[in-house]
Amino acid sequence: MSTATDKGHGSFVVEWREGFKTGIGQVDGEHQHLFALVKQLDRENAQQAVDELLEYVVTHFTNEQALMESSGYPDFRAHLALHEQLASQVTEFLLSGSEWTDERVHELRKFLNKWLVGHILTHDLRFGQWYFEHTKARAANPSPVPVRPQRVGWFDRLLGRR
Ligand SMILES: [Fe+2]
């Protein structure tokens, strides 16, 4: 398995691949975009890229959780806790320093890639499997995924922006 490549300067890049597929189009599309956002993190654009990334993490978690809740996924609460844990860990990292060095950017990208790969392969794929086993009628006749209007403001709350 070779999903990680070194771009040079110690950059650790992970590309989305077929093995990450949950089979739920919206979730997979959002996961792909998350990897792309992590990939574009570098020292020059760090703050802007981090802001954009966190905004999208919130969007993705909100959408994924709405789908889990509306489909009656039994592990919804446990999954929500994993998302909250990630938000806390990232917040802790962001509050631990203010200057973006190559090393710090590299550390964040490595952490996020590792988390994403582990989370998707273990927890999101499990949800994808459950979803198709339990919503066959919907899977055969897909309808737009209901998305709740309110968003989860973890990062704003944890970073004291609200
Ligand atoms: Fe998830």
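Worth saying up front: this structure is predicted, and the values here are computed from it rather than measured. All ligand and atom numbering here is 1-based and tracks the order in the structure.
The distance from the Fe ion (ligand 1) to the nearest N/O/S atom of H83 is under 2.8 Å. Because the distance cut-off is set at 2.8 Å, H79 qualifies as a neighbour of the Fe ion (ligand 1) through one of its N, O or S atoms.
Taking the six-membered ring for Trp and the full ring otherwise, the centers of H79 and F127 sit at least 6.0 Å from each other.
Between the side chains of Q32 and D28, no donor-acceptor pair of N or O atoms lies under 3.5 Å.
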- Query: Hey, mind stepping through N113 and F35 against side chain to side chain contact (heavy atoms under 4.5 Å, CB included) and telling me if it holds?
  - Reply: CA-CA 7 Å; N113 276 330; F35 280 104; 3.8 Å; yes
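E64 contributes OE2 as its N, O or S atom closest to the Fe ion (ligand 1). Residue-level check: among N/O/S atoms of D124, OD1 sits closest to the Fe ion (ligand 1).
Ion pairing of R43 with D102 is present here, as a side-chain N (NZ or NE/NH1/NH2) and a carboxylate O approach within less than 4.0 Å.
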